[in-house]
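Letters A, B, ... are given to chains in the order of the sequence lines, protein chains preceding strands, and every chain is numbered from 1.
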Amino acid sequence: MHNAMFYPAGSARCLLVQLDFSAEEVRVLNANNEVLHTIPLSQLNPTSKLAATRREVILPNMGLLSFEPTPELDSLIYSSGKKQWASTLESSYQAIAISLLLVPLCLFIIFKYIIPLAAERFAEVIPYSAINLASIHTLKALDQSMLQPSELTLSEQQTIQSNWQRAVSQLTFDNAYYTLLFRKSESLGANAFALPNGTIVVTDEFIQLIESRQDLLQAVLLHEIGHVEHHHSMRLISQSLFSSLVIDYFFADVSGLIDAFAGISTTLVQNQFSSELEWEADNFALKQMKTAALDTEAFALALEKLMKTIPKESNVDSWLQTHPLLRERIANARAVQDAPN
Amino acid sequence: MTDNIDYSNYSYEDLLSARAGIDTDVYPERAVELDRLIAQRAPKLESADSTGQSAVLRQVQVKFHGKTSEFFGIWIVNILLTIVTLGIYSAWATVRTHRYFYSNTEIDGHCFSYLANPIQILKGRIIAVVAFVIYSIAAAFSPMLMLVFIVAFIFLTPLMIILAVRFKMRMTAYRNIRFGFNGKYGDAFVVFVLLPIVSVFTLYTALPWVFKKMDEFLHNNMTYGQQKFTTQLRSSQYYIASFGALVLALVIGALSLLALGASFRAFEAQAAQGPSFSLLTMGIMFGYLVIFLIASSFYQAYVRNHLFNSMQINNVASFTSSVSAARLIWLHLSNLIALVVTLGLALPWIHIRTSIFYANATKISVLEGITDVVEGAQDDTSAIGEEISNVFDVDIALG
């Protein structure tokens with residue numbers, strides 16, 4: 001005989017009952033020893049075993065049985081061949097120790113290797129039409145918000161364009177779909193950026209900054225092309241998509257505290273990832289310049305000019321910036337120049 | 001039958017029902033034991049309150065029996081299983097985690113049950129992930145499309161809140177009776193979309209009142225069986241809580257900015273070397289997190305006490321909450337420190353001690369009508385709402 005609480009279906013009443021197990025069936029007896037229910041053991045449907053919580057057995061249309069777990073009761077109600085493997089693992093010291101080792105290892109591998117790799121593969125298979133559409137929409141949105149029409153004269157623009165076309169035709173990548181656009185932007189200041197479809201936008205402020213020096217412009221544009229050639233926008237998008245999916249999936253059940261943390265860790269992972277992309281674009285530009293026998297010093301000079309427009313690097317803004325510190329990039333450019341081919 | 005039943009775990013009312021059903025001639029020892037326990041536990045009857053509710057049978061403390069050692073195993077094994085099954089097991093993990101916390105929460109001798117089926121949760125999760133992927137890709141590819149999504153999202157948010165709360169309540173049972181939620185879309189839209197927008201035009205001075213309306217909407221639409229929850233919330237209490245949280249945040253924020261300003265100068269020399277900037281980024285985010293924790297803990301403690309103290313389930317129960325703001329702030333801060341120091345491994349401990357904290361701060365007055373509660377209308381509830389809102393982070397905390 002085992003004590004149990006019985007909740008008859010449909011109401012909040014609770015009866016104190018005794019369970020009498022036989023080989024075939026279990027009888028539910030009330031305090032007067034009257035049999036309330038007789039259920040074949042094969043029809044017992046206990047919720048799965050979970051630590052030392054009260055065991056619950058749903059009796060269809062009759063109600064719910066609930067009782068403190070004892071080894072004897074457990075063996076009686078879980079005898080029907082169904083292994084309680086989840087509960088066994090959760091209380092096994094070996095399984096816990098193995099999990100303690102494997103969980104951090106798996107997470108490390110996922111974030112360090114699998115997600116970036118998946119992002120790279122994913123970025124490569126996105127069709128050009130989609131990328132083109134995305135770029136057109138992005139440019140439209142920017143034109144309506146941060147960009148104004150260029151104030152350079154037509155002849156200034158044409159000079160830059162034709163110089164650029166001539167330079168780019170000597171380079172070793174497929175340059176057919178790169179187009180150069182001019183815009184003015186007070187909010188962006190001296191800036192150049194590439195859209196993933198090969199549209200490159202430079203601001204008037206940037207042309208001013210480099211005093212129309214063609215070699216500096218080319219160096220920076222090659223950096224932007226590096227982003228495009230390596231599918232960086234799409235990789236960034238997939239990277240952030242995959243990481244937030246993984247974080248949400250594995251840690252969705254935990255409290256707001258962790259949510260905030262997940263936010264921080266995505267930002268950090270993201271920053272690290274995008275600074276890696278900056279290096280990749282830098283090195284692409286430097287390599288192209290060397291092949292075309294251009295002076296890589298131009299790249300270093302362009303970066304130096306850019307550095308002057310940014311407030312001192314100890315400013316709060318630069319701590320949050322995703323670009324690697326400009327000083328290191330300048331040093332990198334100079335190092336390439338000195339290195340043999 | 002020679003073995004005597006151990007009645008020590010039974011609630012007062014269970015003892016009464018056992019005593020009523022027992023045959024004194026056949027089981028004299030049991031009858032004596034029961035009489036003794038009944039006399040011992042007989043509650044000091046409190047007077048019926050002014051709203052004409054039925055009398056208070058007894059006041060009981062909420063108890064939480066979960067243990068860190070036990071939950072740690074459940075937690076870590078479930079994460080590993082989730083990873084190796086590429087996320088599929090997470091639905092089962094969710095159910096086991098919820099069941100552990102529900103089954104270990106005891107009121108008046110009865111535990112809560114968590115009834116959700118992992119398949120329900122898995123389905124919801126798949127839909128949520130697909131929706132999230134579509135949204136992210138569309139948003140990334142076209143800012144215009146994102147605008148459309150944002151508008152759609154504004155209209156979907158109230159729906160997701162309703163579905164999520166309803167799922168949560170329907171999957172919760174006490175004494176084999178389910179909770180429920182009957183909130184309507186129109187009301188949810190007003191409370192969660194219109195009022196917050198309107199409050200912008202009051203320079204947010206109406207926001208505490210909006211928070212009150214949200215809590216009212218959520219809690220006045222809850223049911224236990226066929227019985228309704230009712231609240232008598234006061235705007236003044238929400239203004240005190242919000243204003244207190246704001247002042248706390250501003251004062252601590254100003255102080256830490258001063259402190260940070262001093263360390264800026266010290267750091268400037270170091271900045272030339274550069275590489276530690278991400279450490280500083282983290283430092284600033286951590287500071288922000290701490291300020292947010294302190295302010296929100298104050299608000300949470302204050303509002304929870306007011307909410308619980310003015311809430312009842314008609315004829316079934318009324319609540320008393322005595323969360324100390326200072327203790328809650330300390331709980332959250334120490335949780336944060338433990339989490340960082342242990343690189344997340346303290347999470348099971350944090351969950352357990354937080355549950356114990358809230359249980360200890362909560363008392364329930366059980367009213368006479370408790371045994372008259374019958375199951376409310378049944379309906380099928382899907383996990384989709386809850387899952388979508390989880391991924392998009394609009395889940396409503398009911399703490």
Side-chain angles (χ1 to χ4, degrees), chain A residues 1 3 5 7 9-16 18 30-33 47 50-54 56 63-64 66 86 89-91 95-96 99-100 102-103 106 130 133-134 137-138 141 237 241 245 248-250 252-254 256-261 264 268 271 313-314 318-320 325 327-328, chain B residues 1 3 5-6 10 14 17-18 21-23 70 72-74 76-77 79-80 82-83 87 90 94 96-97 99-100 103-104 110-111 113 129 132-133 136 140-144 175-177 225 267-268 271 274 277-278 280-282 285 289 335-336 339 347 370-371 373-375 390-391 393 397:
Chain A
M1 284 288 188
N3 298 326
M5 285 161 137
Y7 301 91
S11 87
R13 282 184 309 130
C14 171
L15 301 174
L16 304 169
Q18 298 227 305
N30 71 4
N32 285 337
N33 241 5
T47 53
L50 178 66
T53 58
R54 291 179 74 88
E56 291 184 333
L64 177 80
S66 162
L89 283 179
E90 285 160 1
S91 52
I96 293 170
S99 305
L100 262 173
L102 286 185
V103 166
C106 288
L133 188 78
H137 279 207
T138 307
I237 292 167
L241 174 66
L245 261 184
D248 273 331
Y249 216 105
F250 291 136
D253 303 329
V254 290
L257 202 58
I258 269 288
D259 282 346
F261 248 98
I264 290 177
L268 289 179
N271 278 4
E313 292 210 352
S314 54
S318 62
W319 295 337
L320 299 163
L325 282 180
R327 271 190 205 93
E328 290 172 38
Chain B
M1 276 195 320
D3 54 332
I5 304 174
D6 177 17
Y10 292 0
D14 295 332
S17 85
I22 208 158
D23 190 335
E70 233 175 26
F72 186 86
I74 295 174
I76 193 84
V77 167
I79 291 184
L80 183 66
T82 300
I83 293 174
S90 79
T94 302
R96 294 187 72 77
T97 306
R99 271 187 56 207
Y100 186 79
S103 308
N104 278 310
H110 305 273
C111 296
S113 308
V129 165
F132 179 69
V133 168
S136 307
F141 275 82
S142 163
M144 323 265 166
R175 303 176 68 126
N176 204 27
I177 294 287
F267 186 76
E268 216 153 308
F277 86 97
S278 68
L280 226 101
T281 310
M282 209 150 97
M285 286 178 167
L289 195 64
N335 280 351
L336 180 66
L339 201 62
L347 202 67
I370 179 89
T371 41
V373 176
V374 294
E375 187 73 75
N390 268 347
V391 173
D393 290 324

- prompt: Does the side chain to side chain contact (heavy atoms under 4.5 Å, CB included) test come out yes or no for S103(B) and R54(A), once each step is laid out?
  reply: CA-CA 7 Å; S103(B) 308; R54(A) 291 179 74 88; 5.8 Å; no
field: Residue among L100(A), T138(A), L133(A) with most heavy-atom pairs under 4.5 Å to chain B
entry: L100(A)
- prompt: Considering only heavy atoms, which portion of L80(B) lies under 4.5 Å from any heavy atom of chain A: side chain, backbone, both, or neither?
  reply: both
field: Region of S66(A) that comes under 4.5 Å of a non-hydrogen atom in chain B
entry: neither
Interface moiety of L64(A) toward chain B, non-hydrogen atoms closer than 4.5 Å: both
field: Region of I370(B) in contact with chain A, defined by heavy-atom distances below 4.5 Å
entry: backbone
query: Taking side chain as C-beta onward, heavy atoms only, is E70(B) less than 4.5 Å from E90(A)?
result: no
- prompt: L15(A), V103(A), L50(A), I96(A): which one forms the most heavy-atom pairs within less than 4.5 Å of chain B?
  reply: L50(A)
query: In terms of heavy-atom proximity below 4.5 Å to chain B, should S91(A) be classed as side chain, backbone, both, or neither?
result: neither
message: Evaluate M5(A) against H110(B) for side chain to side chain contact (heavy atoms under 4.5 Å, CB included), listing each step before the verdict.
response: CA-CA 9 Å; M5(A) 285 161 137; H110(B) 305 273; 4.0 Å; yes
message: Taking every non-hydrogen pair under 4.5 Å, which of I76(B), T371(B), V133(B) racks up the most with chain A?
response: I76(B)
message: If the condition is side-chain contact (heavy atoms from CB on, under 4.5 Å), which residues does A134(A) pass it with, not counting sequence neighbours?
response: F141(B)
- line: Counting heavy-atom pairs under 4.5 angstrom with chain B, the leader among A86(A), A9(A), G10(A), C106(A) is G10(A)
- request: Begin with the C-alpha distance, continue with both residues' side-chain angles, and end with the deciding distance and a verdict on side chain to side chain contact (heavy atoms under 4.5 Å, CB included) for L102(A) and I83(B).
  value: CA-CA 10 Å; L102(A) 286 185; I83(B) 293 174; over 6 Å; no
message: Looking at every non-hydrogen atom in both residues, tell me the closest pair between T53(A) and Y100(B) and how far apart they are.
response: CG2-CD1, 4.0 Å
statement: Sorted by chain and residue number, the salt bridge (charged side-chain N to carboxylate O under 4.0 Å, His left out) partners of E56(A) (sequence neighbours excluded) come out as none
- request: Take L241(A) and F132(B), measure what side chain to side chain contact (heavy atoms under 4.5 Å, CB included) needs, and give me the verdict at the end.
  value: CA-CA 9 Å; L241(A) 174 66; F132(B) 179 69; 4.1 Å; yes
Contacting moiety of C14(A), where chain B heavy atoms sit under 4.5 Å: both
- request: Mind listing the closest non-hydrogen atom pair of I74(B) and A51(A) along with its distance?
  value: CD1-CB, 4.1 Å
statement: What one should report as the nearest heavy-atom pair of R99(B) and T47(A) is NH2-OG1, 3.4 Å
